[in-house]
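Computed from a predicted structure; not experimentally measured.
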Amino acid sequence: MKFNTVIMGGGLSGLTCGIALAQAGQRVAIVATGQSSLHFASGSFDLIGYDSEGKAVENPVEAINALPESHPYKKVGDVEKLAAQAQDLLAAAGVKTTGKAGKNHNRLTPLGAVKPTWLTMEDYITIDGGKINYKQVALMNIIGYLDFPTKFIADGLRKLGAEVEVKPITLPELNEARKSPTEMRATNIAKVLASEAIVKRLASEINAKAGNAEAILLPAVLGIKNSELAQLLKEQVNKPIHFVATIPPSVPGTRMQALLRKRFEALGGTFLNGDKAVKGEISGTKLNSIETEKLVGTRLEADNFVLATGSFMGRGIVSDYEKVYEPVLGADVDFIADRTQWTRDNVWEAQPYMEFGVKTDAQLHVMKQGKPLSNTYAAGQVLSGNNKVKLASGEGVDMLTALTVANNILNK
């Protein structure tokens with residue numbers, strides 16, 4: 001099968017690159033193993049939240065300018081322009097967000113902490129200026145749902161100046177699901193709350209429990225396919241509603257994955273789910289085709305290829321007792337030769353292995369045996385030089401490097 005571009009990896013970076021190329025008229029295929037790290041998403045997108053000293057970042061663009069040359073952001077060009085392009089791409093897919101690249105706002109974590117971020121999905125609680133916009137808040141949780149620790153969240157809200165009442169809510173359908181503890185996870189609850197009739201009854205339950213609260217905060221367990229049911233709930237409830245991210249699995253992340261894939265396929269893209277690239281056929285400095293696990297005897301040929309397979313979690317890079325390597329193309333990888341230096345004993349320190357990844361040139365071409373592959377690029381967490389945990393930069397690196405790769409391909 002022949003395409004203009006084949007992308008290895010179906011997470012945020014792969015889908016972003018695929019959508020950008022498909023919008024430009026390319027014939028694109030994405031090879032995706034299945035669930036991506038989006039299923040752990042918080043409903044927010046980080047550009048850069050902390051500097052190298054661990055200080056919260058107010059202006060991401062300024063902080064990015066201060067990063068070392070080894071960081072992937074140094075290969076993307078105009079950060080503000082790309083960030084706006086990323087936000088437009090999300091909106092076109094149905095993922096509407098608030099925020100801007102020049103000024104971080106704060107999000108509320110599932111444990112009640114406040115963290116800086118770039119974009120947050122509409123209807124999710126945000127904090128600006130260290131204060132919440134409401135004096136009295138009703139924090140509601142579904143009886144039996146344990147992945148929404150209301151005590152921590154309530155404590156966090158009180159530190160922001162809010163008066164908080166924690167109130168339980170339920171419906172007969174949720175009581176039935178609670179008979180099996182495995183059913184009381186965010187994505188399973190979202191499947192129970194998947195009809196307009198049930199959402200309207202949930203709204204009645206919320207209205208009855210709201211009391212004197214100025215606003216209602218709920219766990220993000222509604223709308224696994226889109227935001228229509230969340231909008232219906234807002235219309236039915238008499239007071240403002242905001243959602244708070246839960247401990248994974250993530251409903252907003254699952255929704256993002258579904259909406260981005262839907263957008264990619266609507267643009268004519270081919271999404272090969274449940275498969276993975278296993279081998280590349282390289283001649284000189286050019287990748288001609290890849291083989292996948294499921295398409296036995298069939299090679300995917302393309303003019304260009306994109307490696308967006310993620311870091312260790314996605315097995316885009318792999319380690320053994322002696323080395324770190326990239327398993328599909330045998331690409332060059334940045335890592336520390338001395339294995340004892342891969343980690344630090346103090347869990348709160350930046351872990352060196354987080355910056356391991358594939359080497360690229362200034363145009364994000366994948367390096368192999370010291371030379372760039374002329375038609376093969378890397379994007380997202382597979383790249384070296386980014387500690388997404390320390391810097392809170394995961395989604396920004398995913399999207400901005402993916403858009404840069406798409407632009408580089410289109411401008412060849």
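Within a 6.0 Å sphere centred on NZ of K74, other residues, nucleotides and ligands contribute more than 12 heavy atoms. In E58, the CD atom is not crowded: 12 or fewer heavy atoms of neighbouring residues, nucleotides or ligands sit closer than 6.0 Å. The local environment of NZ in K167 is crowded, with over 12 non-hydrogen atoms from other residues, nucleotides or ligands closer than 6.0 Å. In this structure, E322 places its CD atom where only 12 or fewer heavy-atom neighbours from other residues, nucleotides or ligands lie under 6.0 Å away. Within 6.0 Å of NZ in K55 there are 12 or fewer heavy atoms belonging to other residues, nucleotides or ligands. Residue K81 places its NZ atom among 12 or fewer non-hydrogen atoms of other residues, nucleotides or ligands, all under 6.0 Å distant.
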Under the side-chain contact (heavy atoms from CB on, under 4.5 Å) rule, what do K412 and N304 come out as? Steps first, then yes or no, please.
-> CA-CA 10 Å; K412 287 179 77 169; N304 295 284; 2.8 Å; yes
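Between F264 and F271, the ring-plane angle classifies as perpendicular under the 30° and 60° cut-offs. Using the six-membered ring where Trp is involved, F356 and F335 have ring planes that are perpendicular, over 60° apart on the 30 and 60° scheme.
Here the shortest heavy-atom pairing between F243 and P219 reads CD2-O, 3.7 Å. Across all their heavy atoms, V405 and A379 have their closest contact at CG2-CB, 4.1 Å. Nearest heavy-atom pair across L403 and A20 is CD2-CB, 3.9 Å. When every heavy atom of T401 is checked against every heavy atom of L364, the shortest pair comes out as O-CD1, 3.9 Å.
With salt bridges taken as basic N to acidic carboxylate O contacts below 4.0 Å, one links D155 and K151. Salt-bridge check for E205 with R201: failed, with every basic side-chain N at 4.0 Å or more from each acidic carboxylate O.
To the nearest 0.5 angstrom, M1 atom CE is 5.0 Å from L295 atom CG.
Side-chain atoms of N386 and S393 form a donor-acceptor pair, as typed in the model, at a separation below 3.5 Å. Residues Q257 and S36 have side chains that bring a donor and an acceptor to within less than 3.5 angstrom of each other. Side chain to side chain, E291 and S289 fail the donor-acceptor criterion of an N or O pair below 3.5 Å. Side-chain atoms of Q381 and D398 form a donor-acceptor pair, as typed in the model, at a separation below 3.5 Å. Between T246 and D147, the side chains place no donor N or O within less than 3.5 Å of an acceptor N or O (distance only, hydrogens not considered).
The stretch residues 95-112 participates, sequence neighbours left out, in these salt bridge (charged side-chain N to carboxylate O under 4.0 Å, His left out) pairs: K103-D128. Residue pairs meeting the ring-ring contact (aromatic ring centres under 6.0 Å, His included) criterion with at least one member in residues 359-412, sequence neighbours excluded: H365-Y377. Contacts classified as side-chain hydrogen bond (donor to acceptor under 3.5 Å, both in side chains) and involving residues 266-279 (residues at least two apart or in different chains) are given here: D275-T292.
Put simply, the side chain of L67 reaches to within 4.5 Å of the side chain of L391, judged on heavy atoms.
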